[in-house]
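Since the structure comes first, as C-alpha cells, the remarks are kept for the end.
One-based numbering, in listed order, for ligands and for the atoms of each. These figures come from a predicted structure and were not determined experimentally.
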Amino acid sequence: MARLTTLFFLLALALGVSCTSKYISSLELQLQVRKGLRLISTEEGSDPIWKTEDEILQLKRDHTPFVDVTDVYSTWRKLPGSRSASRLSQADKIICAFKDHDPEPQYQNELAPILANVSIPEMERNLQKLTSFNNRWFMSTSGVEASNWVYSRVQEIVDGFDRPDVTVTLFDHTWPQGSIIARIDGESDGPLTILGSHLDSVNQQDSMRGRAPGADDDGSGVVNVMEVLRSLLAAEFKPETPVEFHWYAAEEAGLRGSTEIATKYKAQGLEVQAFMQMDMTAYFKPGTEEVIALLPDYVDSDLNEYVKTLITEYNRIPWAMEEPCGYSCSDHFSWDMHDYPTVFPFEAVTGDYNPRMHTTDDTAQLRGFSWEHSLEFAKLAVAFVYELSASAEWRSR
Ligand SMILES: *[C@@H]1O[C@H](CO)[C@@H](O)[C@H](O)[C@H]1NC(C)=O
Ligand SMILES: [Zn+2]
C-alpha cells in the first residue's frame with residue numbers, strides 16, 4: 001500500500017501534476033460567501049485567498065491590486081493568466097487583431113469637426129451630478145442611486161438623437177449596484193470595439209458611509225465615455241462594426257462588474273477587436289509635463305503601438321510609457337484575462353498621478369485636476385472608436 005502510494009506520487013511528479021493548487025468546490029464557495037468571505041486573487045500564478053470585507057479594504061489602503069474571483073471561480077481557475085507565472089512573455093494571444101498589420105490613422109478629415117465638438121462643459125455638468133452622491137460604493141444606497149442616475153443620463157443622451165440602432169441596458173449583478181452598457185449596432189456584424197470606465201467610488205476608511213466623491217477616480221472616465229458617446233451621436237456617426245460603452249459597477253471591490261461581463265462575453269463567443277479603459281484622466285501633478293501614460297502590462301502591446309499613433313495624430317500632448325502596474329489595476333484586466341486585446345491610457349506616470357484617490361479629497365477642486373487634460377483622453381477615445389469601427393477593412397484583420 002505504502003509502496004503503491006509512493007509509486008503514484010512519483011508518477012504524478014513525473015507527469016507534472018500540480019499538487020499545490022487546491023480546487024474549491026461550489027459548496028465550499030457558497031458556505032464561505034455566506035460567512036461574508038470573498039475569494040481574492042492578488043498575484044498571478046497563485047491560488048486566490050479567502051478574505052473578509054475589512055481585509056479587502058486594507059488592500060485598498062495598501063494600494064495592492066486585487067481581483068474578486070468568487071462569482072467566476074469555475075471559469076477563472078482555468079484561465080492561463082491565473083496559473084502562469086509570466087503572462088507578459090506569453091505570445092499566443094488567440095485574437096491577433098493587430099498582428100501582421102501596420103494600421104495608420106485615416107479619418108483625419110471626418111474626425112476634425114467631431115473632436116472640435118467634444119465638450120468640457122458637458123463633462124463638467126455630468127461630473128457635478130455624479131460627485132453629488134455621498135459615495136458610489138457598490139453596496140451603499142447612494143451607490144445604487146448613482147448607478148441609476150448614470151443609466152438615466154446615458155438614456156437621456158441617446159434619446160436626444162433619432163437612433164433606433166442605439167440601445168442602453170442596465171446590467172444586473174448579484175449585488176445591488178448595476179453596470180450600464182450602451183451599444184451602437186454596426187452596419188454589419190463584426191468584432192466589438194469597447195470603451196470602459198467604472199461608475200463606483202470608494203472611501204478607503206469607510207466604504208459604506210464615508211464620503212467618496214471620486215471625481216477623478218473614476219468620475220473623469222465616466223464622463224469621458226458619456227461625452228464620447230454624445231459627440232459621436234451628434235456627428236451622426238454610424239459604425240461599420242458594433243461599438244459598446246461600458247460603465248462598470250464594483251471596480252473598487254475587485255473588478256467585479258467587468259469580470260462578470262467579460263466572462264459572459266467570452267462564454268457567448270463574442271469577438272472584441274479592442275478594449276480601452278478610461279480610469280483616472282483628469283489629474284497631473286502641477287509643474288510636471290502633461291502626458292498620456294500608457295500601461296505596459298496586462299494590455300496588448302500591438303494595440304499600445306497603435307494607440308501611440310492615434311495620440312501623435314490627434315492629441316496636443318505626447319504619450320509616455322508608464323511603469324508596469326503589476327496586476328489587476330483596472331477593468332481592462334478583466335478583458336485581458338480572457339485574451340481580448342486591451343489598452344489603458346492613464347492620467348500620468350508614477351509619482352505624478354492623483355495622490356488623493358479613494359479619499360474625501362478626490363474632487364474637481366483639487367489642485368492638479370484639469371479639464372483640459374481630461375479632454376485629451378475623451379478626444380483620444382473618440383478617435384479610437386471611430387478609427388476602429390468605421391471601416392469594414394478592420395474586420396479582415
Ligand atoms: C458641432 O456642434 C455644432 C453646434 O452644436 C453642430 O451644429 C455641428 O453639427 C456639430 N458637428 C459635429 C460634427 O458634430
Ligand atoms: Zn479607479
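Cation-pi check for Arg256 over Trp175 is met; the charged atom lies under 6.0 angstrom from the ring centroid and within 45 degrees of its normal.
Using the six-membered ring where Trp is involved, Trp335 and Tyr248 have ring planes that are tilted, between 30° and 60° apart.
Taking distances strictly below 2.8 Å, the protein N/O/S atoms close to the Zn ion (ligand 2) are His198 NE2, Asp217 OD1, Asp279 OD1, Asp279 OD2.
Environment of CD in Glu236: sparse, with no more than 12 heavy atoms of neighbouring residues, nucleotides or ligands closer than 6.0 Å. Within a 6.0 Å radius of CZ in Arg61, more than 12 heavy atoms belonging to other residues, nucleotides or ligands are found.
One side chain, Asp159 or Gln155, offers a donor N or O that lies under 3.5 Å from an acceptor on the other. His358 and Asn203 are not linked by any side-chain donor-acceptor pair at a separation below 3.5 angstrom, with hydrogens and angles left out of the test. A donor-acceptor contact under 3.5 angstrom links the side chains of Tyr327 and Ser41, judged on distance only.
Around ligand 1 you find Pro113, Asn117, Ala234, Ala235, each with a heavy-atom distance below 4.0 Å.
Under the side-chain hydrogen bond (donor to acceptor under 3.5 Å, both in side chains) test applied with Glu252, the options Gln204, Lys60, Arg136 reduce to a single match, Lys60.
In this structure, Thr169 and Ile180 have side chains that are not in contact, with every pair of non-hydrogen atoms separated by 4.5 Å or more.
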